[in-house]
Amino acid sequence: MEKRGFKNHPYIPNSDLKIQNEMLKEIGLSSLEELHELIPEELIFKGKMDIPDAYKSEFELKKHIEKIMKRNENCNDNLNFLGAGCWQHYVPAICDEIVNRGEFLTAYGGESYNDFGRFQVFFEYQSLVAELVNMEVVNVPTMDWPQAAATSIRMAYRMTNRKKVLISEVISEEKFEIIRNYCSPHIEIVKVKFDEKSGLIDLNDLKNNIDENVAAFYFENPTYLGHLETQTDEISKIVHDNKSELIVGVDPSSLGILESPTEYGADIICGDLQPLGVHMNYGGGQAGFMATRNEEKYVMEFPSRLFGMAPTVKEGEYGFGDVAYDRTSFGHHREHGKEYVGTQTALWGIAAGVYLTIMGPKGMKELGEKIIYNSNFAKAELNKIEGVNTSLMNNMSFKEIVVTYENTDMTVKEINKKLRKHNIFGGKDLTNEFPMLGKSAMFSFTEVHSEENIIELKNALNKVLNESGEA
Amino acid sequence: MEKRGFKNHPYIPNSDLKIQNEMLKEIGLSSLEELHELIPEELIFKGKMDIPDAYKSEFELKKHIEKIMKRNENCNDNLNFLGAGCWQHYVPAICDEIVNRGEFLTAYGGESYNDFGRFQVFFEYQSLVAELVNMEVVNVPTMDWPQAAATSIRMAYRMTNRKKVLISEVISEEKFEIIRNYCSPHIEIVKVKFDEKSGLIDLNDLKNNIDENVAAFYFENPTYLGHLETQTDEISKIVHDNKSELIVGVDPSSLGILESPTEYGADIICGDLQPLGVHMNYGGGQAGFMATRNEEKYVMEFPSRLFGMAPTVKEGEYGFGDVAYDRTSFGHHREHGKEYVGTQTALWGIAAGVYLTIMGPKGMKELGEKIIYNSNFAKAELNKIEGVNTSLMNNMSFKEIVVTYENTDMTVKEINKKLRKHNIFGGKDLTNEFPMLGKSAMFSFTEVHSEENIIELKNALNKVLNESGEA
Amino acid sequence: MKKINRSNILENFHQAKWDEPVVFELSQPGERGILVPEVDKNIKEMFDINDLLPDNLKRKTPLELPEMSQSRVLRHFMRLSQETLGADVNIEIGQGTCTVKYSPKINEMFARNENMTELHPLQDDETVQGILEIMYKLDYYMREISGMEQFTFQPSGGSQAIMAMASLVESYFNDKGEERDEIITTIYSHPSDAAAPALKGYKIIYIQPDENGYPDYEAFKSAVSEKTAAFFIANPEDTGVYNTRVKEFTELVHEKGGLCCYDQANANGLLGVTRAKDAGFDMCFFNLHKTFSTPHGCGGPATGATGVTKELIKYLPKPIIDKKEDGTYYLDYDFSDSKYSVGKIRSFNGVAQVALKAYAWVMSLGAEGLYEVSKVAVLNNNYMFKKMMDNKWIDAPYIKGKQRIEQVRYTIEKYTEETGVTTGDIQRRMMDFGLHYWASHHPYYVPEPITLEPTETPSRADIDQYIDTLLYVMNEGFENPEKVKTAPHSSVCHQLIEDVLDDSENWILSWKIYKKQNNL
Amino acid sequence: MKKINRSNILENFHQAKWDEPVVFELSQPGERGILVPEVDKNIKEMFDINDLLPDNLKRKTPLELPEMSQSRVLRHFMRLSQETLGADVNIEIGQGTCTVKYSPKINEMFARNENMTELHPLQDDETVQGILEIMYKLDYYMREISGMEQFTFQPSGGSQAIMAMASLVESYFNDKGEERDEIITTIYSHPSDAAAPALKGYKIIYIQPDENGYPDYEAFKSAVSEKTAAFFIANPEDTGVYNTRVKEFTELVHEKGGLCCYDQANANGLLGVTRAKDAGFDMCFFNLHKTFSTPHGCGGPATGATGVTKELIKYLPKPIIDKKEDGTYYLDYDFSDSKYSVGKIRSFNGVAQVALKAYAWVMSLGAEGLYEVSKVAVLNNNYMFKKMMDNKWIDAPYIKGKQRIEQVRYTIEKYTEETGVTTGDIQRRMMDFGLHYWASHHPYYVPEPITLEPTETPSRADIDQYIDTLLYVMNEGFENPEKVKTAPHSSVCHQLIEDVLDDSENWILSWKIYKKQNNL
Ligand SMILES: Cc1ncc(COP(=O)(O)O)c(C=O)c1O
Ligand SMILES: Cc1ncc(COP(=O)(O)O)c(C=O)c1O
């Protein structure tokens, strides 16, 4: 009797030999080797995969994984000021409790009847984000903000039938790369300059670039570099006068205190849900959202699923279902549907739904305030350090601030390395990404930071920059 | 308007002033102060409790608690050999998953219809433990092993109408104390000696002490000190010839390889569930169990709830309910019921049920084998260290071994302190508990220990005892 | 889509119903749920397992535990959990006297941390400074709340706390050399207030309520004597009536040299409002799993934190937690050299993780918050009381027109007379709407009782929903009494045929017995 | 009690049904769910919030999120979770093509640890050696499984992986300076195999199946040309039929200079059995959330781990994970200086926690275990196949009498003709027994399809239960077709009136729209 394999494995009920043999018999075979009859002999893998022996017991597996993962230093044990698209916010315990409910965690493609709860929770997620951005339509979560932005751009391209898109230069390099790839080969992307003094969009450059081929202008507010774009009415006018779509990217944690871009004319809003109740997870917490008005021309351009309410055959009862399913590549049109649809980041939509519910309007307002106070305080305090300039761009900022290091031989990387000795994760190095800002780094401040933390950063930075003997 | 209190607290929906005032109005009051009208003025507390201000945000609360709890050193980061009634076993992830399911975690006194799952899970728990000990009746978990032992003794006392109980001397001091208090003032307890060479019960002393006033003899197997009591048939005969009840305490993790005391005549079996899927929790994981045959005379003596199956009015359907409820102090007889009943450690019964299910017969067997191999290996290895004697009691042992330190000025406490420098939690100090064993400590070995761990202990112990320069 | 018409009553509720077999039926021989680490090769070679096990102890009886794959085990228990109406999914008003309130999830996260779960109780104090600090401080806050001088967290439930109090009484009089064998309590105190002292050998004397529901003062007066060891009472009692004259009671007991023991399992209406000490009690206990929000866990693990006045400290079970001059915490075994000490109530150091959760809960509220808890608990209860009493079929005995504290025992006696529908019928029917409903302990001194306790955690809307549902069901009792009497209809099973549960020939207490009965 | 009669069919199943309102309806103004840390006093005094916010950006529109206490929030979402039929509570056979297998809970515990959740993606490599090691090793194991030379974990789903593969194809030919605009796929490959390449500008050419269900070789031969950029295919396809001639296909493409891209989303039947490289593919991807057991999370986060042969590495999105001589791991941005690199597919480093879970899963199986997974997945499927085909109303097109790999697309066309009961009706009725049932992607090339995929994690008993239930329902279709057509009866709601979902005047995509429609 052939014995290759791992018998009686806890994850594989039918790996028991006796059961296996009975089943084999049922289908007229006598060994597992006889399965896969369709695979030609030459394609059968005859080697042994170089994969270590199993940790057979759960206990040993746990020891193994824990040992490796303890080699990480995390942002709870250290003081972290990295942001740049993935931010350290407080995740309420209830968000974790709900996303870890086995029923949600392991659901997938069930129908609306057996997955009623899943459908309702997504309808609610859509509705809650819709409220936050004051739009009517929100899709189930997409991969991340860059993906949401890229799809927004493609939507505008399809709607307007125009092939050029303008993007504010104040955008993360990697987001730009993702958009570029996603829009290639159909869309030409042109960057619009910003004013290095104020951080604001160069309206002249915008005007110079906009023309009848421009499908949309995309900018972010608060911007990637953290400051606020205040010329919103002007921008909106320029874009709409050109019959282009205005796409605005937004950090949802700002929307308790900031007006939604809808208010200044955005046609499509996108952003990342990660700040709303999702752990950073080394970047695995990203999830994009998109929002529009309830106009057929927009709705029919969404590639992903949209859940809607509908009555049932029972008077007074309602349920939830897929809206305009045939839009998607899951529908009859396949590749003629809108882009493509697949597994994205649904669970984080649930987290965001729970988060917005538990925070409520007051929580979101307090969150925004706490953040803006903290970052302004940090801006003021860090600026006091010899060799640090935080006022390069003088417009108001929200969560992130740009710190320029002056009169030092050290690179940002070296400075950060020294900060680590103080258990501090310093700001993201912008030296290559935004060379025009000089030797600079971007620090992020959220509600997890206290005055004490910011002073700690200040003191450490001061030591690193100004005390030579310092390690 | 009065403002004392904490308004709009997330845990207290009606702490909102507006709602509060509407509700007050509904009952004809105008302020919270007017509530509690029945409490006489002189009893109203007028001071301020010296309790710190709330950590209002969950985030700050988390920081606070984590900071305190990080002052603990745990048995996952250190190598632990403490046992003595609370043992470090591996807790399968599924046990945690299930006991942390909100529905179980927060259920309590619902009826069998709305808490069907709870009733079924306890019926299953009873049945699984019954299988393990080969008895037919098991109660819902009681506080801990000492409580289970104490109640077993009281059961025997009621059944036999005899007032004296014999207990093997090889018992933990604190267990004895708990039993003593619980049995006072009705029962006289007499300790039966053990043989210091073999660790076995001194049968002569047992015979000398047993008489027509003796309700029961209680001993443990494996004993508190870890060795096996092999004179089981002799003991059983002595006890039963005297028409006394034989009560045996047992570590359930041994029952995959050891015969249940039922097989050698135990009438009541008790023990602790903690080894079966419950974390140590600084002692908060203890939970007692008791088991008997399905004879009315035994069943009617249980003080705690017993869940049973019963048919329903629908043909073929069944449900679960309380068996012989009026036995308990919750029934009509109150203090004339059996002892008293109340909240005990139900959740750990669920953990144990899940544990026994996931382990199955093979898992329990492997568990027992791994433990007995490890402790015997440790016994052999540690004995090689100069100044260590592990063979004081020469009978076979299961999980714990007694280590006697010879030719050293250090106390066990001092030795353990030095072991801590090696990140080792040394054995429990027996110096005061069992003075006849000399300067000795009890080390516990379970399936969480590997050969490497045991060698690490050996080396550390050798350093501590035999290398003077050692810190 | 038309506007959704919301009823305040969950008319369409149905509990998850999985028809899940008993776990033994799921066994598939050969399947494994989990594997145990193998014996290390070297070790295995050193010994023969047969030499390690005495022949007569070696297991020969086959161990017929189920054999199941991991996912089937998970599925089984997940399904059973869905069939359980825990507080997390439910409006908890119907488990009167149990103080089932919201247990914050963040506190669970604290308790699930390794720095809690992976502590051995015998670790050296130096290595457990965190948990000792928590317990030390919680003790201090409990003292602030009660006026007592020292708490122990050993008693791991309210009933065990009562037993501990009775043990303290025993120790105290043993020390004094006084023989007192009577303990006085009341019929509306918890059954354990009678049963646990009785276990300790005391004769129980009940004081009946007077027309106000207070324990009858005159009867009490004649009951108290030199034989009175102690007075055990809850106040408010299960009726929610607060005995205004409580201090007179305790004084009377003290005059005769007895002790006063306060069952404050549910102190939910009294935090920051009135203190045990001030009412003359010598000891009291708080159920952390009730008043202090730690979840009930289907019935524990739990804690009945027990506090005593200064002179009784020396009788407390050992150890207590104290703090050294240098700020380190330690387990103090030497605080008392009384040979009359209770010794030990529960193994090790009580249920530390429950203390941790209670501590976190206190810290999330502060003194102001605890006060708010009690005020709102009482507000919710009296709001509910008012609305319930507006219904002519519902009544509540005693002190008409006056407030109750945190709960009320109602009666629907008149309703039952009119309709033939009993409180038990209503209870079963309430389950069809996803709600608990509790009648009373036995015996039913209040006829056809309902005991409701809203605590501070339901909202007004929740309370209204509960009442509306109850009235709806009661109305059904007029219009369609059969529907109520044959309930439940939307639960996992239908009405049990209960006889077998009291019939020793037929009861089925385990799968073994089931198999035997059916010759399987 | 009599012996329990077990039916293999959950005739009494009812899903938890809570009638839980839409979250906005639960708002109680004034209630709070959680509090945010207050602004530090000193900071607050330093600034006036009005100076920090530009007037024109300051929020003036009221934010109408619900206001709810914490326990009500919890209750709401707990109830919704109970109304969801996740794999943890269910026999997962009915979501064919989705490879919904058991996701071990221990792996979740790993992912919930702070050393995973609290890592910022831009942390210095030195501080994330643990997660880098995991991803590095997982990459290596994927190579072993596939024969590819380098993997990227950026694509965060199968469809995104397909898009990434199309991007790689684009890069490759851009680099070569070749203009090729056609991609060939098949109708039984996943819709994304057509849609994602189409997004990247490719013309999609479908190969129809021949009478065996294989992509028609002759048709393929005439489709392949110098315009063919690539061939995208799943094998086995949704039918479970493995194209035995696959190597001839890839060779043909290579002859014409094209690339071969293997959709191995569901490689569940092939681990250790046959490798992508050996069948001539230039790249492939694995869905970690399918084959590698990480839970689906209602639809992500997920990973489509994408591997390529050596010559294509330089086009991969950046960074990849590599190891230095000294054993430290790092994110390598410099592995390629090709200006034709795809650049970036997803932000940061992919979904690291999914990689962690997949790694743990691989380590719990080893090479032997992976092989067992595939063998048992195929065994389960063929066992089921056999039993299904024993029923005269069930058929499966193609290669009669031969084995399938891990899934089968059945047809009940004849049955529908006979009874009028469609696959959609059966689907709804299966839910009344707590089981998923999936028909097929659109359009239905196989008429009245059912796609079933047992994977390796159900037991034989589970498979039998699924089949018995299906046959029971099909039988109902003869005896009581209305019952089937009007299903579901034991779910949270009844049949939807679906028209509004496609009607832009009436669809309700958010609560805002609902309110507007009803003038609320
Ligand atoms: C007033 C009172 N005392 C004592 C108890 C008993 O507490 P436990 O269930 O923790 O044993 C209870 C429990 O409901 C109670 O309400
Ligand atoms: C063969 C195949 N390819 C691609 C996909 C798409 O994967 P995803 O859902 O992760 O986008 C699937 C998913 O079911 C699939 O089965």
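The chains referred to below are lettered A, B, ... by the order of the sequence lines, with proteins before strands, and numbering in each begins at 1.
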Can you say whether the rings of [X] and [Y] are parallel (under 30°), tilted (30 to 60°) or perpendicular (over 60°)?
{"X": "D:H120", "Y": "D:F348", "answer": "perpendicular"}
{"X": "A:Y108", "Y": "D:H296", "answer": "tilted"}
{"X": "A:F116", "Y": "A:Y318", "answer": "tilted"}

Sort [X] into side chain, backbone, both or neither according to what part of it lies under 4.5 angstrom from a heavy atom of chain D.
{"X": "A:Y264", "value": "side chain"}
{"X": "A:K48", "value": "both"}
{"X": "A:H332", "value": "both"}
{"X": "A:E339", "value": "both"}
{"X": "A:P52", "value": "both"}
{"X": "A:H9", "value": "side chain"}
{"X": "A:L24", "value": "both"}
{"X": "A:F425", "value": "side chain"}
{"X": "A:V138", "value": "neither"}
{"X": "A:Q147", "value": "side chain"}
{"X": "A:I94", "value": "side chain"}
{"X": "A:N76", "value": "both"}
{"X": "A:E263", "value": "side chain"}
{"X": "A:I39", "value": "both"}

Between [options], the one whose heavy-atom pairs under 4.5 Å with chain D are most numerous:
{"options": "A:E136, A:M49, A:H36", "result": "A:H36"}
{"options": "A:N221, A:L35, A:N114, A:V140", "result": "A:N114"}
{"options": "A:S112, A:P141, A:S260, A:G308", "result": "A:G308"}
{"options": "A:I44, A:I178, A:I98, A:D96", "result": "A:I178"}
{"options": "A:N281, A:V341, A:L347", "result": "A:N281"}
{"options": "A:E447, A:K362, A:K417", "result": "A:K362"}

Side-chain contact, heavy-atom cut-off 4.5 Å: [X] with [Y]?
{"X": "A:P361", "Y": "D:E67", "result": "yes"}
{"X": "D:K58", "Y": "A:I257", "result": "no"}
{"X": "D:I49", "Y": "A:I372", "result": "yes"}
{"X": "A:T357", "Y": "D:H76", "result": "no"}
{"X": "D:I131", "Y": "A:Y282", "result": "yes"}

Quick check on [X] against chain A: is it the side chain, the backbone, both or neither that has a heavy atom closer than 4.5 Å?
{"X": "D:P62", "value": "backbone"}
{"X": "D:V354", "value": "neither"}
{"X": "D:R428", "value": "side chain"}
{"X": "D:I34", "value": "both"}
{"X": "D:E108", "value": "side chain"}

Choice from [options] maximising heavy atom contacts with chain A below 4.5 Å:
{"options": "D:V492, D:I204, D:V500, D:D502", "value": "D:V492"}
{"options": "D:G272, D:S192, D:G269, D:A198", "value": "D:G272"}
{"options": "D:T61, D:L370, D:V351", "value": "D:T61"}
{"options": "D:V89, D:N349, D:T457, D:I405", "value": "D:N349"}
{"options": "D:E144, D:K247, D:M46", "value": "D:E144"}
{"options": "D:L365, D:N380, D:D278", "value": "D:L365"}

Self-check item: Criterion side chain to side chain contact (heavy atoms under 4.5 Å, CB included) on A:W145 and A:Q286, from CA distance to verdict
Solution: CA-CA 7 Å; A:W145 186 349; A:Q286 309 307 129; over 6 Å; no
Quick test of your reading of the model: are [X] and [Y] salt-bridged, counting only N-O distances below 4.0 Å?
{"X": "A:E177", "Y": "A:R180", "result": "yes"}
{"X": "D:E170", "Y": "D:K200", "result": "yes"}
{"X": "A:R118", "Y": "A:E111", "result": "no"}
{"X": "A:E58", "Y": "A:K62", "result": "no"}
{"X": "D:E372", "Y": "A:K7", "result": "yes"}
{"X": "D:E133", "Y": "A:R71", "result": "yes"}

Quiz prompt | Cation-aromatic face contact A:R101/D:F77, 6.0 Å, 45 degrees | solution = no
Quiz item: Do the ring centers of D:Y102 and A:Y11 come within less than 6.0 Å of each other?
Solution: yes
